[in-house]
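Beneath this line is the structure, given in structure tokens, with notes to follow.
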2 protein chains.
Amino acid sequence: MNIGDAAQRTGVSQRMIRHYEKIGLIPAPLRRDSGYRDYSVADVNRLRFIANARDLGFSIEEIGELLELWSDEHRASAEVKALALAKADELGRKVEALAAMRASLVHLARTCHGDDRPECPIIDSMSGERTAMTFEFAEDD
Amino acid sequence: MNIGDAAQRTGVSQRMIRHYEKIGLIPAPLRRDSGYRDYSVADVNRLRFIANARDLGFSIEEIGELLELWSDEHRASAEVKALALAKADELGRKVEALAAMRASLVHLARTCHGDDRPECPIIDSMSGERTAMTFEFAEDD
DNA sequence: ATAAAGCCTGACATCATGTCAGGGTCAAGA
DNA sequence: TCTTGACCCTGACATGATGTCAGGCTTTAT
């Protein structure tokens with residue numbers, strides 16, 4: 001399929017698809033006589049993965065590592081395992097931090113009566129100097 | 001305190017602290033006669049928040065909104081509430097997606113035992129249609 | 001056969017960050 | 001007091017991720 005189709009199906013812009021090809025994150029697809037790139041279902045899946053991972057905050061570099069987890073068949077499985085576990089660990093920490101932040105936001109929302117009166121306890125308590133952010137997510141201090 | 005101290009205490013580079021000042025994400029601190037910037041505890045808290053949020057994948061723009069949630073006392077609380085809930089929702093989805101990805105990685109690691117390439121559940125879970133793990137802030141329809 | 005729509009490459013733009021350079025400032029010791 | 005190393009300031013250049021626009025072919029539908 002053409003790049004436009006691939007872009008639409010994956011949510012990755014044509015611009016970025018070409019970019020990912022240039023930096024080697026995805027293999028260069030076959031070209032037709034016209035010079036048009038021709039994508040396969042596998043390419044689409046790879047792009048979808050990249051899009052999802054990107055959404056989740058992974059850097060291009062990390063995505064490259066993740067992709068290798070299952071695309072490099074010659075890799076020693078012990079190495080694969082270590083990498084996967086390291087990533088999982090990292091994700092675990094991120095999940096916790098996000099969940100904590102979310103809880104704080106929910107709490108903030110709950111304590112706002114939500115009417116026209118601009119009165120929000122938490123905001124009030126935080127606009128002072130001592131504000132210490134009642135948000136203790138990720139306090140690695 | 002000087003910018004170097006502030007940077008060390010917050011994990012935000014001096015370069016970025018100055019940058020955030022320039023784009024208005026943090027207020028311009030007082031200057032000493034020497035021209036040195038002088039940061040307060042409040043500034044440090046703000047920077048810490050920014051660092052954490054950035055780490056969690058929020059864009060500078062989103063962080064600006066988040067900061068306003070508790071720094072703008074004149075905002076109607078209904079608006080504050082809506083924004084907070086929207087963010088919380090977004091975070092909830094992100095948490096789920098990350099948790100799922102983490103689970104896949106753990107599973108991958110577990111099924112990674114011999115010299116054969118292990119089954120890879122990641123492909124299936126991550127290369128599907130972008131519906132369940134898509135985040136609104138990236139789209140506008 | 002034409003026009004509309006799609007693809008190609010390449011250049012320029014922006015944003016978040018880093019790093020280096022040239023030049024003041026501070027603080028502690030000789 | 002003078003020296004020196006650690007710090008700060010501004011500004012410029014670098015890079016990676018993305019967007020958009022331009023000029024020029026290719027496909028497709030009318």
Side-chain angles (χ1 to χ4, degrees), chain A residues 1-40 43-44 46-68 94, chain B residues 1-40 43-44 46-67 94 130 134-141:
Chain A
M1 75 187 77
N2 285 338
I3 197 173
D5 257 337
Q8 198 154 352
R9 293 190 198 192
T10 63
V12 178
S13 68
Q14 297 186 17
R15 172 73 173 71
M16 290 316 294
I17 291 179
R18 297 197 187 100
H19 179 63
Y20 291 153
E21 175 185 329
K22 188 176 300 184
I23 65 178
L25 198 60
I26 57 173
L30 293 179
R31 297 293 187 114
R32 287 203 254 273
D33 289 344
S34 62
Y36 283 21
R37 290 173 176 78
D38 193 4
Y39 295 94
S40 70
D43 292 325
V44 167
R46 203 179 176 89
L47 283 171
R48 276 210 255 257
F49 172 78
I50 292 173
N52 285 317
R54 209 83 193 75
D55 261 357
L56 260 28
F58 285 91
S59 69
I60 294 296
E61 199 179 347
E62 291 173 314
I63 293 174
E65 287 173 22
L66 286 172
L67 284 171
E68 281 189 16
K94 230 166 181 172
Chain B
M1 78 188 75
N2 286 337
I3 197 173
D5 256 339
Q8 198 154 351
R9 294 190 198 191
T10 63
V12 178
S13 69
Q14 298 185 18
R15 172 72 175 70
M16 289 318 293
I17 291 180
R18 298 196 186 100
H19 179 62
Y20 291 154
E21 176 187 329
K22 187 176 300 183
I23 65 177
L25 198 61
I26 58 173
L30 293 178
R31 296 293 188 114
R32 298 221 189 74
D33 288 344
S34 60
Y36 284 21
R37 290 174 176 79
D38 194 5
Y39 295 94
S40 69
D43 292 325
V44 168
R46 204 178 176 87
L47 283 171
R48 274 210 254 261
F49 172 78
I50 292 173
N52 288 145
R54 206 82 193 76
D55 200 46
L56 262 28
F58 284 91
S59 70
I60 294 295
E61 199 180 346
E62 291 173 316
I63 292 173
E65 287 173 23
L66 247 15
L67 283 170
K94 229 167 180 172
R130 285 164 50 79
T134 298
F135 307 113
E136 263 63 69
F137 62 79
E139 283 131 49
D140 36 325
D141 43 21

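We name chains A, B, ... by the order of the sequence lines, and we start the count at 1 in each one.
- Identified under the side chain to side chain donor-acceptor pair (under 3.5 Å) test for residues 19-29 of chain B, with sequence neighbours left out: B/Glu21-B/Arg37.
- Atom CG of B/Asp38 and atom C1' of D/dC9 are 15 Å apart (whole Å).
- An OP1 or OP2 oxygen of D/dC8 is reached within less than 4.0 angstrom by no side-chain nitrogen or oxygen of B/Arg37.
- Among the duplex regions that DNA chain D forms, those built from at least three successive Watson-Crick or G-U pairs under 3.5 Å are C:1-30 with D:1-30, ordered by first number.
- The side-chain contact (heavy atoms from CB on, under 4.5 Å) test applied to A/Gln14 returns A/Ile3, A/Ala7, A/Arg18, not counting sequence neighbours.
- Listed by chain and number, the residues in a side-chain contact (heavy atoms from CB on, under 4.5 Å) with B/Ala51 are B/Val12 (sequence neighbours excluded).
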Side chain to side chain contact (heavy atoms under 4.5 Å, CB included) between B/Leu25 and B/Arg46, worked out:
CA-CA 9 Å; B/Leu25 198 61; B/Arg46 204 178 176 87; over 6 Å; no
At under 4.0 Å between heavy atoms, which parts of nucleotides 15-25 of chain C does protein reach? Answer with one letter per nucleotide, 5' to 3': B base, S sugar-phosphate only, - none.
-SBBB----BB
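- In this structure, the side chains of A/Ile60 and A/Arg54 come closer than 4.5 Å at one or more pairs of heavy atoms.
- D/dT18 atom C1' lies 13 Å from atom CD1 of A/Ile17, rounded to whole Å.
- Taking the salt bridge (Lys or Arg N to Asp or Glu O under 4.0 Å) definition, one finds that A/Arg32 meets it with A/Asp38, sequence neighbours left out.
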Strictly under 3.5 Å: I want the nitrogen or oxygen pairs between protein and nucleotides 27-29 of chain C, one per line.
none

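- Listed by chain and residue number, nothing satisfies the salt bridge (Lys or Arg N to Asp or Glu O under 4.0 Å) test with A/Asp5 (two or more places apart in sequence, or in another chain).
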Worked check of side chain to side chain contact (heavy atoms under 4.5 Å, CB included) between A/Ile17 and A/Tyr39
CA-CA 11 Å; A/Ile17 291 179; A/Tyr39 295 94; 3.3 Å; yes
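- The separation between A/Ile3 atom CD1 and D/dT26 atom P is 17 Å, rounded to whole Å.
- Nucleotide D/dT10 holds its C1' atom 12 Å from the CD atom of B/Glu21, rounded to whole Å.
- Atom P of nucleotide D/dT27 and atom CG of A/Asn2 are separated by 9 Å, given to the nearest angstrom.
- Rounded to an integer number of Å, the gap from OH of A/Tyr39 to C1' of C/dC7 is 10 Å.
- Although no hydrogens or angles enter the test, the distance criterion places no donor-acceptor pair under 3.5 Å between the side chain of B/Arg48 and the main chain of B/Gly11.
- The side-chain hydrogen bond (donor to acceptor under 3.5 Å, both in side chains) check on A/Ser40 picks up A/Asp43, with sequence neighbours excluded.
- Closest approach of B/Phe49 and B/Ile63 over heavy atoms only: CE2-CG2, 4.1 Å.
- Heavy atoms of A/Arg31 sit under 4.0 angstrom from primed sugar atoms or phosphate atoms, though from no base atom.
- A straight line from CZ of A/Arg18 to P of C/dG10 spans 11 Å, rounded to a whole angstrom.
- One can place CZ of A/Arg32 at 13 Å from P of D/dT26, the figure rounded to the nearest angstrom.
- Across the interface with DNA chain D, nearest-nucleotide mapping of B/Lys22 and B/Gln14 shows B/Gln14 to be the residue nearer the 5′ end.
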